[in-house]
Amino acid sequence: MSRPRILFVSGFFPPYSPLGAVRAPELAAHWQSNGHDVRVIAVKDPAIEGMLDLPLAPDQVTYVPYAPDTTLMQRLTGSRGRSSELATAGTAPATPAKTPKPGQRDRLRWLRQFYRQAEQFPDRHWSWIDPAVDAGRRLGADWRPDLVYSSAPPHSGHIVAQRIAEHLNLPWVAELRDPWAINAHDDVHPLIKPWRKRIALNTLAHATACVAVSATLASFTRTIVSCPTIVSYNGFGADDFPEGNTPAPFDPERLTLIHAGAIYAERRDPTPLFRALATMGEDHDKVRVQFFHDQRDWVQDKAREFGVEACLEMCQPVPRKQILARQREVDVLLMCRWDDPGGDGIIPGKLFEYIGARRPILSIGSTTGEAADVIRDGDFGLVANDTDVIANQLRAWLEQKCANGGRLPDMPAAPTTAFLRDTQFEQIDALIAQVLARA
């Protein structure tokens, strides 16, 4: 089939997309550039608008609103929407809430977590499922796709895709960017876990084929589904970092590290770096670490514990083009990984952007798993947790920077080509061709 028609279900899609959720729009753009006819169904969430550019024409995307909160959830969690605040403005003050005792706080937290996850089951975007399925059915009546493809999280998108594919009697390919049935990173209430696993298994049982973004995730997926499953890494775009563009030194005097991904408190922990900086004496004044994204207070508190808060620069999130340019400009790219075996099969998408930027990578936290193997095998930087090893490497980079006119040399280009996004997406193209041939 020369021009496949693909209905793409993606919870996050520009302009309603977090800064790091680049795979879905890049995949849609890849298909369109290769002659595929693509239509997208996605969540409309103005709270995350404007970080990524829309890669398709507006009439190719159907955005479905969802309800981010409910009256019951507000009562159970103690939260109140903006409309409630406005409605009560100027009225008599509310009766102050009683402060729960320590034992009560734990029970309340346990109950709130259960009710929140139960009401927002299978995830907080649950309310878009039915209207998104209806939108897919209407779309299919006028423009019949050859295949439904879903990319998640949010995993509610898989439910949407499965139901649309069943209604239209079409093959369905499910792309898992994170585990669904069992995810070590998810803070799931123990009473919710069995429900979550059951709906994941029951839904994925209908998939014609699956795509996973790591070998570990693909291996696990094959144990829970009987359909073909392939690996397609996230990769980086050839146009993310124009060839031949060597920026001037970002700061000739200080070694500048940047952490451009999300920080998850107590999981992606920069403590090994802060501990190493604390041992460097006056040399730590020559190092600056920029953090973008979230968990700002938690990161600053961690740095303060080791007396290196002066090395930090907390930055507001910026559009993706700016963060890519910054990654190319600075000296070292910092990756914080969860030091737990549960995270060994998770490869942050940011790693491939780091590889494409061709700046040395400092990966701390876990020293095992696929992400660590990729860095070591490609000689893309240092994977370490040991304080002395990290401190010695920082000093070596400082010396190298000074000897090279204020900027560390670029890493070799040849090892990066295997992780080009189009190279990885070709694996998906081959799978889709096989699925459509069988259909």
*Decide side-chain contact (heavy atoms from CB on, under 4.5 Å) for His36 and Arg3; before the verdict, give the C-alpha distance in whole Å, the side-chain angles of both, and the deciding distance to 0.1 Å.*
CA-CA 5 Å; His36 296 28; Arg3 185 171 163 79; over 6 Å; no
*Between Ser366 and Trp338, does a side-chain hydrogen bond (donor to acceptor under 3.5 Å, both in side chains) hold up when you go through it step by step?*
CA-CA 6 Å; Ser366 176; Trp338 186 23; over 6 Å; no
_Worked verdict on Thr216 versus Glu370 for side-chain hydrogen bond (donor to acceptor under 3.5 Å, both in side chains)_ = CA-CA 8 Å; Thr216 303; Glu370 284 190 70; 2.7 Å; yes
_For Val9 and Val148: C-alpha separation, side-chain torsions, deciding distance, then whether side-chain contact (heavy atoms from CB on, under 4.5 Å) applies._
CA-CA 7 Å; Val9 178; Val148 179; 4.3 Å; yes
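In this structure, CD in Gln427 is found 12.0 Å from CD1 in Ile432, a value given to the nearest 0.5 Å. Taking CG from Leu408 and CE from Met411, the interatomic distance works out to 9.5 Å, rounded to the nearest 0.5 Å. To the nearest 0.5 Å, atom NZ of residue Lys197 and atom CH2 of residue Trp180 are 13.5 Å apart.
Contacts classified as ring-ring contact (aromatic ring centres under 6.0 Å, His included) and involving residues 131-154 (residues at least two apart or in different chains) are given here: Phe8-Tyr149, Trp31-Tyr149. Every pair tested for ring-ring contact (aromatic ring centres under 6.0 Å, His included) that includes a residue from residues 368-391 fails, sequence neighbours excluded, so the list is empty.
A salt bridge does not link Asp240 to Lys321: none of the charged nitrogens lies less than 4.0 Å from a carboxylate oxygen. A salt bridge between Arg23 and Glu175 is present, with a side-chain N of the basic residue lying under 4.0 Å from a carboxylate O of the acidic one. Remark: Arg163 does not engage Glu166 in a salt bridge, criterion side-chain N to carboxylate O under 4.0 Å. Residues Arg275 and Asp386 are not paired through a salt bridge, judged by the lack of any N-O separation under 4.0 Å between the basic side chain and the carboxylate. A salt bridge does not link Arg267 with Asp339: none of the charged nitrogens is closer than 4.0 Å to a carboxylate oxygen. Under the 4.0 Å criterion applied to side-chain N and carboxylate O atoms, Glu353 and Arg320 are assigned as salt-bridge partners.
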List, one per line, each side-chain donor-acceptor pair under 3.5 Å for residues 39-58, sequence neighbours excluded.
residue, atom, partner, partner atom, Å
Arg39, NH1, Asp37, OD1, 2.6
Asp45, OD1, Ala47, N, 3.1
Asp45, OD2, Tyr66, OH, 3.4

